[in-house]
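Reviewing the structure listed below.
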Amino acid sequence: MIAAVFPGQGAQFVGMGADLAAGHEVARRTFEEADDVLGYALSDICFAGPLERLTETDVCQPALVAASVAAYRAAVEANDFAPGIVLGHSLGEYSALVAAGALEFAEALRIVAERGAAMRAAAVASPGGMIAVLGLADEAVAGLVAEVSGVWLANVNCPGQVVVSGTVAGIDELESLAAERSTRTARLQVDGAFHSPLMASAARRLKPALETWQPVEPVVPFLSTTTCVVEPPERMQAVLLDQLTAPVRFGPAMEVALEQGVDRVVEFGPGRVLSALVRRVSRSTPVSQVGVSDDLKTLVAT
């Protein structure tokens with residue numbers, strides 16, 4: 001069984017999607033639809049930047065959904081690609097739900113545009129940051145977090161990589177404590193403490209937008225990386241709302257997918273962030289990407 005996975009914020013780069021849009025009409029139409037729905041030239045920002053504009057949360061989120069869905073649609077059209085299950089990392093869950101058939105693309109764009117604006121406002125109201133703790137077991141990171149106030153587990157990505165969110169003071173203290181214990185850390189270049197209680201105001205603001213969506217039965221099962229279970233339509237709104245303040249558990253969710261019979265993973269959209277995480281979870285599972293036209297040739301070969 002093939003798992004289709006979709007990246008979240010941080011995978012973006014200027015030029016993403018341009019090659020696919022130039023070579024595949026379905027990808028080009030996907031970006032045109034995004035421009036029409038949002039009321040501005042999102043495609044121009046994806047293809048040509050500037051980077052500062054692309055990385056703004058309220059632009060970045062619909063941009064990543066557009067690029068990921070364009071790549072997926074191109075694979076379906078050119079290769080008859082048909083996954084057995086879909087997963088997404090944080091924002092990537094919206095792309096996954098579009099691929100699964102539970103969420104219309106236009107509706108996903110409208111919701112994530114509001115999601116991005118809500119998260120950006122929450123980050124201004126409650127300043128914070130995120131830091132990756134490297135090389136420690138999940139339990140050891142949880143113990144470290146328990147010693148510092150104002151920090152929370154945010155991403156359980158793969159063995160040896162856990163991301164922590166927190167207040168500015170909390171992240172500073174955690175970084176110092178980790179250094180004292182010779183534990184490696186890396187600050188993330190983000191403007192907020194995502195997937196933590198500091199995003200509560202964003203969840204309140206996003207709720208009305210999510211409530212306008214009526215999920216339908218997916219054609220492909222949707223495995224949530226928040227709950228690590230396959231979620232039915234009646235649970236999808238709550239999952240996407242909880243996602244803002246709860247940790248993303250991509251690594252554990254991928255383990256569940258492997259237990260359910262996944263023996264191959266394809267990442268759709270810019271970059272190879274999730275592909276690297278999958279390899280850390282299971283070195284024996286074949287992983288490939290679809291981000292440019294040449295990747296579609298490789299997808300045929302595999």
Side-chain angles (χ1 to χ4, degrees), residues 5 7-12 55 57 87-93 119-120 122-203 224-228 242-259 267 271-285 287:
V5 300
Q9 196 166 344
Q12 71 279 355
T55 54
T57 301
L87 304 84
H89 192 291
S90 186
L91 170 71
E93 291 202 305
M119 291 172 69
R120 191 176 186 187
V124 172
S126 301
M130 302 178 76
I131 188 169
V133 182
L134 307 172
L136 289 186
D138 296 354
E139 297 79 7
V141 179
L144 195 65
V145 166
E147 295 185 51
V148 180
S149 62
V151 296
W152 302 269
L153 292 178
N155 300 155
V156 183
N157 285 329
C158 64
Q161 187 188 115
V162 176
V163 176
V164 176
S165 280
T167 62
V168 174
I171 292 296
D172 287 344
E173 185 180 347
L174 183 76
E175 187 175 44
S176 297
L177 184 60
E180 290 174 8
R181 299 179 184 180
S182 301
T183 297
R184 293 182 299 130
T185 59
R187 295 256 187 164
L188 274 61
Q189 298 304 306
V190 296
D191 57 2
F194 303 141
H195 303 292
S196 82
L198 297 184
M199 289 290 113
S201 63
S224 169
T225 55
T226 301
T227 63
C228 298
D242 291 345
Q243 179 204 80
L244 289 178
T245 54
V248 177
R249 302 185 182 276
F250 182 82
M254 183 51 60
E255 291 174 357
V256 170
L258 295 170
E259 290 169 0
E267 179 177 6
R272 298 168 181 251
V273 173
L274 298 187
S275 297
L277 298 183
V278 171
R279 291 188 178 101
R280 293 284 297 275
V281 173
S282 173
R283 295 188 181 279
S284 63
T285 302
V287 183

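The structure presented is a predicted model; accordingly, all values stated were derived computationally and were not measured.
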At what distance, to the nearest 0.5 angstrom, does [atom1] of [X] lie from [atom2] of [Y]?
X	Y	atom1	atom2	value
T183	L136	OG1	CG	4.5 Å
S182	E180	OG	CD	10.0 Å
L198	S126	CG	OG	5.5 Å
L244	M199	CG	CE	8.0 Å
L274	R279	CG	CZ	11.0 Å
D172	L177	CG	CG	12.5 Å

When you compare the side chain of [Y] with that of [X], does any pair of heavy atoms fall below 4.5 Å?
X	Y	result
H89	N155	yes
T285	M254	no
L258	V281	yes

Which pair of heavy atoms, one from [X] and one from [Y], lies closest together, and at what distance?
X	Y	result
L134	A186	CD1-CB, 4.5 Å
A122	A202	CB-CB, 3.9 Å
I171	G166	CD1-N, 3.6 Å
L91	G8	CB-CA, 4.2 Å
P159	R280	O-NH2, 2.5 Å
W152	P197	CD2-CD, 3.4 Å

*Just checking, is any N or O donor in the side chain of E93 or T225 under 3.5 Å from an acceptor N or O on the other one?*
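Side chains of E93 and T225: pair found under 3.5 Å.
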*If you measure only the distance, is there a donor-acceptor pair under 3.5 Å linking the side chains of E267 and S275?*
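Per modelled atom types, E267 and S275 side chains form a pair under 3.5 Å.
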Is a donor on one side and an acceptor on the other found under 3.5 Å between the side chain of [X] and the backbone of [Y]?
X	Y	answer
H195	L153	no
R249	V156	no
E255	A253	no
T245	A200	no

*asked:* Walk me through whether I131 and E175 qualify under side chain to side chain contact (heavy atoms under 4.5 Å, CB included).
replied: CA-CA 8 Å; I131 188 169; E175 187 175 44; 3.8 Å; yes
_Please check if the number of heavy atoms outside R272 that lie under 6.0 Å from its CZ is greater than 12._
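Not buried by this count: 12 neighbours or fewer within 6.0 Å.
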